Number of protein chains: 2
Amino acid sequence: MQYYNISISVGITKSENFTDVQNEIALLSKALGHPARIAILEYLNGVDNCICGDIVNEIPLAQPTVSQHLKELKNANLIKGTIEGNSICYCINGNSIEKLIFYFSKLASKSKNSTCC
Amino acid sequence: MQYYNISISVGITKSENFTDVQNEIALLSKALGHPARIAILEYLNGVDNCICGDIVNEIPLAQPTVSQHLKELKNANLIKGTIEGNSICYCINGNSIEKLIFYFSKLASKSKNSTCC
DNA sequence: TTATAATATTGCAATATTACAATAATGTTT
DNA sequence: AAACATTATTGTAATATTGCAATATTATAA
């Protein structure tokens with residue numbers, strides 16, 4: 001008797017089964033799915049003109065953790081930013097946020113009238 | 001020599017460090033952070049009047065997996081639903097979606113003018 | 001050049017998420 | 001009642017996420 005242990009993709013999100021739009025909205029949402037990253041966006045929004053050097057001091061987490069969250073926000077295209085001297089200059093990418101707003105508006109449009117549940 | 005291995009919260013999101021609003025938006029976003037759950041919402045939105053019995057057949061994942069995703073959407077208050085006979089009747093909770101739209105609109109408002117990054 | 005300051009990366013432990021087979025629970029048919 | 005249909009739960013394996021200490025990188029200041 002011989003056993004073939006076939007287990008290919010347990011634990012991985014099956015992105016290939018879904019549309020590009022579904023995957024994109026999910027990725028953006030996922031990046032927003034942590035309070036620290038929401039807090040970072042709130043701070044960036046509160047600071048005018050992108051003069052933002054000390055995000056680390058504003059977020060109640062250790063510096064490497066904040067750095068990691070910033071990286072994820074940038075990967076998801078939710079913030080733009082560059083290093084300027086020995087500090088960073090990040091700001092919100094309004095386009096991505098608006099993409100979400102536009103998508104969710106469509107999603108909520110029909111569901112307003114639903115009274116059965 | 002004696003070692004005290006103190007490691008309390010490694011791996012857990014530190015929700016207590018953030019505001020209620022930040023946590024709520026993050027939880028909603030997190031629930032939206034998977035293409036299958038986006039697909040479920042799209043399907044629910046496409047079907048009028050909540051006559052939705054066969055979500056499982058519409059999502060390209062195994063039935064237990066779909067059931068799990070539905071549970072998460074319900075936990076996050078993104079869908080409402082009840083069992084009706086031997087089928088389910090789910091529909092989108094427009095209030096939660098609108099909560100996100102409202103929040104993101106505020107977040108994107110200031111960032112439109114940012115030109116430094 | 002040698003600090004100093006700010007951010008990034010690495011490595012690791014702990015927890016969370018994803019997916020599904022097997023099974024349970026529950027209502028509907030026959 | 002027995003078979004069927006539909007959804008939920010349990011258990012488990014694999015991967016992902018979270019958080020931080022230690023360290024690296026890079027630019028500025030002394």
Side-chain angles (χ1 to χ4, degrees), chain A residues 3-18 22-23 26-27 29-40 44 51-76 79 81-90, chain B residues 3-18 22-23 26-27 29-40 44 51-76 79 81-90:
Chain A
Y3 290 93
Y4 295 93
N5 202 340
I6 300 174
S7 66
I8 296 164
S9 68
V10 181
I12 308 178
T13 294
K14 289 190 154 182
S15 309
E16 71 276 11
N17 287 354
F18 302 99
Q22 286 165 350
N23 279 307
L27 277 178
S29 300
K30 193 175 181 181
L32 292 163
H34 194 288
R37 296 195 285 269
I38 295 292
I40 289 172
L44 287 180
I51 312 168
C52 38
D54 51 352
I55 300 175
V56 171
N57 300 322
E58 294 293 324
I59 307 299
L61 291 171
Q63 180 266 323
T65 310
V66 174
S67 191
Q68 187 177 288
H69 284 306
L70 282 166
K71 197 178 177 183
E72 280 175 65
L73 284 172
K74 204 172 178 185
N75 280 345
I79 61 176
T82 44
I83 300 179
E84 295 214 346
N86 58 353
S87 68
I88 45 174
C89 174
Y90 279 131
Chain B
Y3 290 95
Y4 296 93
N5 200 339
I6 300 176
S7 67
I8 295 166
S9 67
V10 181
I12 307 179
T13 295
K14 288 191 156 183
S15 308
E16 71 277 9
N17 287 355
F18 302 98
Q22 286 165 349
N23 279 308
L27 278 179
S29 299
K30 193 176 183 182
L32 291 164
H34 193 289
R37 295 196 285 269
I38 295 292
I40 289 172
L44 287 180
I51 312 170
C52 38
D54 51 351
I55 299 175
V56 171
N57 300 323
E58 292 294 323
I59 309 299
L61 291 171
Q63 179 267 321
T65 310
V66 175
S67 191
Q68 189 176 287
H69 284 307
L70 283 166
K71 197 176 176 182
E72 279 174 65
L73 284 172
K74 204 172 179 185
N75 279 345
I79 60 177
T82 44
I83 301 178
E84 296 214 344
N86 57 355
S87 69
I88 44 175
C89 174
Y90 278 130

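The model shown is predicted, which means the values in this text are computed figures rather than measured ones. Convention: sequence-line order gives letters A, B, ...; per-chain numbering from 1.
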Q.
Quick check for you: among C/dC20, D/dG19, D/dT15, whose closest atom lies nearest to any side-chain atom of A/Ile12?
A.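 The listed nucleotide nearest to A/Ile12's side chain is D/dT15.
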
Q: Looking only at side-chain atoms of B/Arg37, point me to the closest of C/dT18, C/dC20, D/dG19.
A: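 The nucleotide sitting nearest to the side chain is C/dT18.
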
Q: Report the C-alpha distance between B/Thr65 and B/His69 in whole Å, list the side-chain angles of each, state the deciding distance to 0.1 Å, and finish with yes or no for side-chain contact (heavy atoms from CB on, under 4.5 Å).
A: CA-CA 6 Å; B/Thr65 310; B/His69 284 307; 3.9 Å; yes

Using a cut-off of 4.0 Å on non-hydrogen atoms, how would the nucleic acid contact of [X] be classed: base, sugar-phosphate, or nothing?
{"X": "A/Thr65", "answer": "base"}
{"X": "A/Lys30", "answer": "sugar-phosphate"}
{"X": "B/Gln63", "answer": "base"}

Are OP1 or OP2 of [N] and a side-chain N or O of [X] less than 4.0 angstrom apart?
{"X": "B/Lys14", "N": "D/dC20", "value": "yes"}
{"X": "A/Lys71", "N": "C/dT9", "value": "yes"}
{"X": "B/Ser67", "N": "D/dA8", "value": "yes"}
{"X": "A/His69", "N": "D/dT17", "value": "no"}

Nearest whole Å is fine: how far is [N] [atom2] from [X] [atom1]?
{"X": "B/Ile59", "N": "C/dT18", "atom1": "CD1", "atom2": "P", "value": "14 Å"}
{"X": "A/Leu70", "N": "C/dA6", "atom1": "CG", "atom2": "P", "value": "15 Å"}
{"X": "B/Glu16", "N": "D/dT18", "atom1": "CD", "atom2": "P", "value": "15 Å"}
{"X": "B/Ile40", "N": "D/dT7", "atom1": "CD1", "atom2": "P", "value": "12 Å"}
{"X": "A/Ile88", "N": "D/dT25", "atom1": "CD1", "atom2": "P", "value": "19 Å"}
{"X": "A/Asn75", "N": "C/dA8", "atom1": "CG", "atom2": "P", "value": "12 Å"}
{"X": "B/Asn17", "N": "D/dT18", "atom1": "CG", "atom2": "C1'", "value": "13 Å"}
{"X": "B/Tyr90", "N": "D/dT6", "atom1": "OH", "atom2": "P", "value": "16 Å"}

**Q.** Reported CG-to-CG distance for the pair B/Leu32 and A/Leu27, which is rounded to 0.5 angstrom
**A.**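 The CG atom of B/Leu32 sits 12.5 Å away from the CG atom of A/Leu27.
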
Q) So, do B/Lys74 and B/Glu72 sit near enough that their side-chain heavy atoms are less than 4.5 Å apart? A)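 B/Lys74 does not reach B/Glu72 side chain to side chain.
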
Q. Does A/Ile38 reach the side chain of B/Phe18, with side-chain heavy atoms less than 4.5 Å apart?
A.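 The answer is no, as the side chains (C-beta and beyond) never meet within the 4.5 Å cut-off.
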
Q | Side-chain donor/acceptor of A/Arg37 to backbone N/O of A/Ala31, under 3.5 Å | A |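 Looks like yes, one N/O pair under 3.5 Å.
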
Q. Could a donor-acceptor pair under 3.5 angstrom be found where the side chain of B/Gln68 meets the base of D/dA8?
A.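 Result: no qualifying N/O pair found.
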
